[in-house]
Amino acid sequence: MLKSARKQEKDEEGRMPLLDHLRELRNRLLKAVLAILVVTIVAAFFQKDIYDFLLRPLISSVGCEGAVVVAKNGNPCALLKTDTLMGPFTNALKVALMSGVLLAAPVWLYQLWAFVAPGLHKGEKRYAYGFAVLGAPLFLAGGYLAYSILPQTAEIMLGFTPSDVQNQIGLDSYLDLLTRMVIVFGLAFELPLFLIALNMTGVVTGKRMLGWWRGMIIGLTGFAAIATPGGEPVSMLLLAGPLAVLYFVATGFSLLNDARRRRNNPDAELDDDEASRLDLTPEVVSASRAPLPEQATGAPDGARSHRLNGYDDIT
C-alpha cells in the first residue's frame, strides 16, 4: 500500500497524473507519521531520562531548593508544578511526541524532500538522501541551540519578579515553550537547504542570493528577535549568528553550482526572453560533396544541358 507511485510510473521525466501525485503524497505522509509513531512509543519507555534532560537547564539556572524564593546566586528562583489531575499524563505524552518528532527527523525530512524534488530523474534519489542526511543534523542543531539558551532566558525573565514573590512555573507551559522553540529553531536551521533546493531547481541563482545579503541579515535578526522569548540580545544573537553563517554557506554552494552549470550548458541561466548565442562560424564545405546536375554533365555555366518543362531547375 505504501509503495511509491513514482516507482510505478514509466515516464523517464517523472510525469504523473494528479491522482498519482495525491497517492504519492498520501504514501509519504503515512511513512513519516509511522516513523514518528514508532519513535514516540520507544521514547515513552525512557520518559524519566528524557524528563531529566529537558528540565536540567531550567532547574540548574532558576530551580529552588525547598521553600526558598531566592537562589544561591541571589536571583529569584522558580518551582515547577502540575495543577491538574491529567497534567502528568498529558505532559508525558508531550515529551514522548516531541522526542519522536526530533529523533525521526531523518525519515520525515527524506519523505518531504523526496516528494517535492522536481521530476524523477536519475539523480533525484541521490539528492533526496543527501538532503535528509544534511537536514537531520541541522534540525537537531537548531533544537539543541534552543535547549542551550533556556538557562539565560529563564534568568532574564525571572529577573523581573518582585521581591518576596515565589515563581511557580507550570510544567505544561514550560514544555510548550520548549517544544515551540525547538521546532522554530530547528526549522530555521533548514534555511540553507531550502535556498540550495531553489538554486538546484533553477528558481534563484547564487548571484541573486548574494545580492540579498543586506536584507537577509536584517530579516534574520528580526526573526531571531521574535523567535527568542523576551527578545533579549544574547539569545537573539545566538540564533541570528548561526543563521547568517548558514545563509552565506548556501550562497557559496549556489555560486559553485551555477559555475558548474555554466560549464555544462552556457545557456542554462538565460531568461525566457533572452536568445541563446548563435554559432556564426562558416561551415567548411567538403570537396567530396555531390555535384549539382549541371555540374555532373560538364556543361559550361549558362548553357543548360537539361531542361524540364522549360525550367532550368529540375526541382
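Under 3.5 Å, the side chains of Asn91 and Asp172 contain no donor-acceptor pair of N or O atoms.
For the pair Leu246 and Pro192, the tightest heavy-atom approach, listed with the atom from each and the gap, is O-CB, 3.6 Å. Shown here for Pro88 and Thr82, the closest heavy-atom pair between the two residues is CG-OG1, 4.4 Å. For Val39 against Ser99, the heavy-atom pair with the smallest separation is CG1-O, 4.1 Å. In terms of heavy-atom proximity, Ala32 sits nearest to Gln111 at N-CG, 4.3 Å. Nearest heavy atom pair, residue Pro151 against residue Ser148, reads CD-O, 3.3 Å. The two residues Gly206 and Thr251 come nearest to each other via the heavy atoms O-CG2, 3.8 Å.
Using a 4.5 Å cut-off on side-chain heavy atoms (C-beta onward), Asp176 and Lys94 make contact. When side chains are defined from C-beta on, Leu195 counts as touching Leu191, because their heavy atoms get closer than 4.5 Å. A heavy-atom distance below 4.5 Å is found between the side chains of Met181 and Leu150. Taking the side chain as every heavy atom from C-beta outward, Met209 and Val204 approach each other to under 4.5 Å. Residues Ile217 and Tyr247 form no side-chain contact, since every pair of their non-hydrogen atoms from C-beta on lies 4.5 Å or further apart. The shortest side-chain heavy-atom distance between Arg260 and Leu256 does not fall under the 4.5 Å cut-off. At least one side-chain heavy atom of Val182 sits under 4.5 Å from a side-chain heavy atom of Leu102. Annotation: side chain of Tyr174 is in contact with side chain of Leu55 (closest heavy-atom distance under 4.5 Å).
One finds the OG1 atom of Thr205 at 11.0 Å from the CG atom of Asn257 (value rounded to the nearest 0.5 Å). One finds the CG atom of Leu239 at 8.5 Å from the CG atom of Leu220 (value rounded to the nearest 0.5 Å). Distance CG/Asp83 to CG/Leu171: 10.0 Å, rounded to 0.5 Å. Separating the CG atom in Leu243 from the CG atom in Leu238 is a distance of 11.0 Å, to the nearest 0.5 Å. In this structure, Ile41 CD1 and Leu97 CG are separated by 11.5 Å, a value rounded to the nearest 0.5 Å. Taken to the nearest 0.5 Å, the CG atom of Leu193 stands 11.0 Å off from the CG atom of Leu198.
A distance-only check finds a donor-acceptor pair linking the side chain of Glu190 to the backbone of Phe139 [under 3.5 Å]. Looking only at distances, a side-chain donor or acceptor of Trp108 sits under 3.5 Å from a matching main-chain atom of Val101.
One hydrophobic cluster holds both Phe53 and Met98 under the rule that ILVMFWY side chains link at heavy-atom gaps under 4.5 Å. Under the 4.5 Å side-chain heavy-atom criterion for grouping Ile, Leu, Val, Met, Phe, Trp and Tyr, Phe223 is connected to Phe189 within one hydrophobic cluster. Residues Ile183 and Phe194 are members of one and the same hydrophobic cluster, defined by side-chain heavy-atom contacts under 4.5 angstrom among Ile, Leu, Val, Met, Phe, Trp and Tyr. Hydrophobic clustering (ILVMFWY, side-chain heavy atoms < 4.5 Å, transitive): Val245 and Phe185 are in distinct clusters. Transitive grouping of hydrophobic side chains (ILVMFWY, heavy atoms separated by less than 4.5 Å) brings Leu93 and Met86 into a common cluster.
Applying the side chain to side chain contact (heavy atoms under 4.5 Å, CB included) test between Ser173 and each of Ile169, Leu177, Leu175 identifies Ile169 as the sole match.
For the ring pair (Phe, Tyr, Trp, His ring centres under 6.0 Å) test, residues two or more places apart in sequence or in another chain that qualify with Tyr144 are Tyr147.
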